[in-house]
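Take a look at the structure set out below.
Every heavy atom of this structure was used, including side-chain atoms; hydrogens, water molecules and symmetry mates were not.
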Amino acid sequence: MNNIKTLNKAADNIRILSASMVEKANSGHPGGAMGGADFINVLFSEFLVYDPQNPTWEGRDRFFLDPGHMSPMLYSTLALAGKFNMEDLQQFRQWGSITPGHPERDITRGIENTSGPLGQGHTFAVGAAIAAKFLKTRFGSVMDHTIYAFISDGGIQEEISQGAGRTAGHLGLDNLIMFYDSNGIQLSTKTKDVSEEDVAAKYQAWGWRVITIKGNDATEIRAALTEGKLEKERPTLIIGKTIMGKGAVKEDGSSFENETETHGQPLSGAGASFNKTIENLGGDPENPFVIFSETKELYAKRAAELKEITSKKYAEKDAWAKANPELADKMQKWFDGYIPPIDWAAIEQKPNQATRAASATILGILAQQVENMVVSSADLSNSDKTDGFLKKTHAMKKGDFSGAFLQSGVSELTMACLCIGMTLHGGIIAACGTFFVFSDYMKPAIRLAALMELPVKFIWTHDAFRVGEDGPTHEPVEQEAQIRLMEKLQNHNGHNSMLVLRPADVTEATVAWKMAMENKSTPTGLIFSRQNINDLPAKTNRYQEALQTEKGAYIVQDEDNYDVILLASGSEVSTLVEGAKLLANDGIKSRIISVPSEGLFRTQSKEYQESVIPKGKKIFGLTAGLPVTLEGLVGANGRIWGMKSFGFSAPYKVLDEKLGFTAENVYNQVKDFLK
């Protein structure tokens, strides 16, 4: 056991490095990092089990940081563990640096998650704990590890913390230990000015074990973590009463601890003395980027312990693999992202159905053939048709993770983050469903999934105003335009940050799911209809023709020497087909194009794009969303019929008529346009 003096010295070392990083960058958040240093130091030097030589080891413990502004604390600790050097710390927040202002997922350097928007990071941890339970049920003790999370006052206040806390308690995630850095100070005020809630009572009501300690006392931290590790029924919350800016002093040497100003600016800018603070903590202000000899010994000792611990773990895994070769092969494949071959062409869809029904058919097949797929729904499984999956498995519950369905309850943002957390853990293919209009609740999570390049599948049904009688609150109008912006935004690898598909019939829905399952590098959004849609015409084989969905847009129907191009996505394509029949009666020839994904279409060769939509042609677009959804395809000289207002409450066929989404209006609009 390490002596407390050594632990305190190492924590002060983290404080010095954290404060120095912010000071040198003249930007950042030193106070919280200085207060949280004692916990993270004890965790990394005595409890967290990982392999420094094999950072992707699937059996490792995982640490999820929620308050990303406390990145200096994490980078400094990882530097003690050998993952960063002093030059890396000195380049904090600079161009090209591997130490950005908020941590970005970097498994090789020990960073499990991108964090910044408060509340999401610890919810990822809950998702990871669910994944670990799911995998332990299937593979046994080789998947027996602990998920640690670190949350701050801001994360506790964000509404997502309710969903995360409720879910973890309800499922009895005893493999989850979360430290709440309760320093009573946030960016612009004291926490007492915005909240009087009893956090301990709240988490106890959700079914957590709650331990309250002095958060800067290494002995109490060690004891609490030990208790958390021994807990076999509940998740554990350690409430650490910490000191914001611990060790900070003014020029005269008097204390500058517990001051709001140190939360979000360098110590010198906050009113403390940087030099005196570094001296107070045992460092040299002229050369603060140093690891103390005692700290080096502490972390070298832990490295030796980890080598011994992981050697035993690997030996146990080898013995298990020899006794269970099929399971070992399966586990390896799951963590490698393997998808079993699926005969997509053989899937039979009922004709002229809603694409949500087609999705249910696919999900039923995936539930039986993709054993590591987990699907979740925000209390809508019988409406978003994720029950197609549920009918072939059962829901997870406390003490039983043999099922592969997660009932998230009414909490879309939480659900999305749980699925991201499962994906971050690895070994799981995660999908979640709700109504498309409620994707609004999910946008912050979708954005982080895109930034981290995680292949979560987002299933959205009730794709347009045809939700009908439910009225404008439930009818998506602007949502498609919003989510398709993610196809225009590139990730740091230079690819579209998201794949968004809105299939036009049941066969396109099959191909859309095929594409989603094969997409291993970005999130996929699948937008399905509530109402039945007529199947698109087939020249020979509808499935083979629908495979052109993989190019983002393709010609559904064509006539020689056509007069006008008609294009749309989803439900509206079949309306164009009917409108084209009326136009043909007047001798007007048309080409009909289905565009499930403009973003994907724009990544095709210029030759292909121009073969589908030649320059100089008259183009008419139809969209149940905002006209801007199709502007990039139709161009300035074309015409778009779309929605210009919120929807209305009425049967969907009445809405089609009133809002102009009929074959007759297509005919009238195109006739007028061609004049």
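We find that Lys250 and Glu257 are not joined by a salt bridge, their nearest charged nitrogen and carboxylate oxygen being 4.0 Å or further apart. Using a 4.0 Å cut-off between a side-chain N of Lys or Arg and a carboxylate O of Asp or Glu, Glu58 and Lys317 qualify as a salt bridge. Between Arg105 and Glu453, no side-chain nitrogen of the basic residue sits less than 4.0 Å from a carboxylate oxygen of the acidic one, so the salt-bridge criterion is not met. Between Asp12 and Arg15 a salt bridge is recorded (basic side-chain N to carboxylate O distance below 4.0 Å). For the pair Glu305 and Lys301, the salt-bridge criterion is met [side-chain N within less than 4.0 Å of a carboxylate O]. A salt bridge links Lys330 with Glu371: the distance from a Lys NZ or Arg NE/NH1/NH2 to an Asp or Glu carboxylate oxygen falls below 4.0 Å.
For the pair Arg62 and Phe64, the NZ or CZ position fails the cation-pi test of under 6.0 Å to the six-membered ring centre and within 45 degrees of the ring normal. Remark: Lys9 qualifies as a cation-pi partner of Phe292 under the 6.0 Å distance and 45° angle criteria applied to the six-membered ring.
No side-chain heavy atom of Arg209 sits less than 4.5 Å from a side-chain heavy atom of Gln204. Within the 4.5 Å cutoff, the side chain of Thr236 has no heavy atoms near those of the Trp208 side chain. Proximity of Ile160 to Cys417: side-chain heavy atoms (C-beta onward) are separated by under 4.5 Å at one or more points. Side-chain contact between Leu118 and Pro67: present, with at least one pair of heavy atoms (C-beta onward) separated by less than 4.5 Å. Using a 4.5 Å heavy-atom threshold, the side chains of Leu135 and Phe335 count as touching. Residues Asp379 and Ser408 fail the side-chain proximity criterion, which asks for heavy atoms closer than 4.5 Å. Thr434 places none of its side-chain heavy atoms less than 4.5 Å from the side chain of Tyr441. Under the 4.5 Å side-chain criterion, counting only non-hydrogen atoms from C-beta, Phe150 is not in contact with Tyr180.
Lys241 and Thr212 form no side-chain donor-acceptor contact under 3.5 Å, judged by distance and modelled atom types alone. Side-chain atoms of His425 and His145 form a donor-acceptor pair, as typed in the model, at a separation below 3.5 Å. A donor-acceptor pair shorter than 3.5 Å can be found between the side chains of His394 and Ser402. For the 3.5 Å distance criterion, the side chains of Gln91 and Ser97 fail to qualify, holding no donor opposite an acceptor. Between the side chains of Glu23 and Ser268, a donor-acceptor pair is found at a separation under 3.5 Å. Side-chain contact, Thr242 with Asp181: a donor N or O sits under 3.5 Å from an acceptor N or O. For Asn3 and Thr6, the side-chain atoms include at least one donor-acceptor pair closer than 3.5 Å.
The nearest pair of heavy atoms linking Met373 to Val375 is CE-CG2, 4.0 Å. Nearest heavy-atom pair across Val42 and Ala218 is CG2-CB, 4.0 Å. Taking both residues in full, the closest heavy atoms of Met396 and Val374 are given as CE-CG1, 3.7 Å, listed atom of the first, atom of the second, then distance. Residue Met422 comes nearest to Gly127 through the heavy atom pair CG-O, 3.3 Å, listed as atom of the first residue, atom of the second, then distance. Pro285 approaches Asn275 most closely through the heavy-atom pair CB-OD1, 3.4 Å. Heavy-atom minimum distance, Ala430 versus Thr423: CB-OG1, 3.8 Å.
Distance alone, capped at 3.5 Å, is enough to place a donor-acceptor pair between the Thr262 side chain and the Glu259 backbone. Remark: the backbone N or O of Ile243 is not paired with any side-chain donor or acceptor of Asn183 at under 3.5 angstrom. Remark: the backbone N or O of Gln157 is not paired with any side-chain donor or acceptor of Ser161 at under 3.5 angstrom. No donor-acceptor distance shorter than 3.5 angstrom exists from the side chain of Thr295 to the backbone of Ile291, with no hydrogens or angles considered. Between the side chain of Asn13 and the backbone N or O of Val290, at least one donor-acceptor pair lies under 3.5 Å. When atom types are taken as modelled, the side chain of Asn175 and the backbone of Ala129 share a donor-acceptor pair closer than 3.5 angstrom. With hydrogens and angles disregarded, a donor-acceptor distance shorter than 3.5 Å links the side chain of Asn85 to the backbone of Asp88. Side chain of Arg60 to backbone of Trp57: a donor-acceptor contact under 3.5 angstrom is found. The closest donor-acceptor contact from the side chain of Arg302 to the backbone of Leu298 lies at 3.5 Å or more, if one exists at all. Asp174 places no side-chain N or O within 3.5 Å of a backbone atom of Arg234 that could act as its donor or acceptor partner.
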Item to check | Audit row: Asp217, Arg222, salt bridge (Lys or Arg N to Asp or Glu O under 4.0 Å) steps and yes/no | outcome: CA-CA 9 Å; Asp217 186 315; Arg222 177 192 285 150; over 6 Å; no
Next on the checklist: The test is side-chain contact (heavy atoms from CB on, under 4.5 Å); show your working for Thr77 and Lys83 and say whether it passes.
Outcome noted: CA-CA 9 Å; Thr77 306; Lys83 297 291 187 179; over 6 Å; no
Item to check | Verdict with reasoning, Glu197 to Lys202, per side-chain contact (heavy atoms from CB on, under 4.5 Å) | outcome: CA-CA 8 Å; Glu197 71 177 2; Lys202 181 172 70 173; 2.9 Å; yes
Item to check | Residues Glu233, Lys398; criterion side-chain contact (heavy atoms from CB on, under 4.5 Å); working and verdict | outcome: CA-CA 9 Å; Glu233 295 289 331; Lys398 183 177 182 178; 4.2 Å; yes
Next on the checklist: Before you tell me yes or no, could you show the steps for Asp66 and Gln120 under side chain to side chain donor-acceptor pair (under 3.5 Å), namely the whole-Å CA-CA distance, both residues' side-chain angles and the distance that decides it to 0.1 Å?
Outcome noted: CA-CA 7 Å; Asp66 191 304; Gln120 292 197 52; over 6 Å; no
Item to check | Derivation of the side-chain contact (heavy atoms from CB on, under 4.5 Å) call for Leu418 and Ser376 | outcome: CA-CA 9 Å; Leu418 294 176; Ser376 185; over 6 Å; no
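Between the CG atom of Asp106 and the CG atom of Asn113 there is a distance of 11.5 Å, given to the nearest 0.5 Å. The line from OG of Ser20 to CG of Asn287 is 9.5 Å long, rounded to the nearest 0.5 Å. With rounding to the nearest 0.5 angstrom, the OG1 atom of Thr99 is 11.0 Å from the CG atom of Leu74. Between atom CE of residue Met244 and atom NE2 of residue His29 there is a gap of 10.0 Å, rounded to the nearest 0.5 Å. The distance from atom CE of Met73 to atom CD1 of Ile14, rounded to the nearest 0.5 Å, is 8.0 Å.
Note: Tyr75 and Phe92 have perpendicular aromatic rings, judged against thresholds of 30 and 60 degrees for the angle between ring planes.
For Phe63 and Phe44, the ring centers are positioned less than 6.0 Å apart. Taking the six-membered ring for Trp, Phe401 and Phe134 have ring centres at least 6.0 Å apart. With ring centers used as reference points, Trp334 lies under 6.0 Å from Phe139.
For NZ of Lys276, the number of neighbouring non-hydrogen atoms (other residues, nucleotides, ligands) closer than 6.0 Å is 12 at most.
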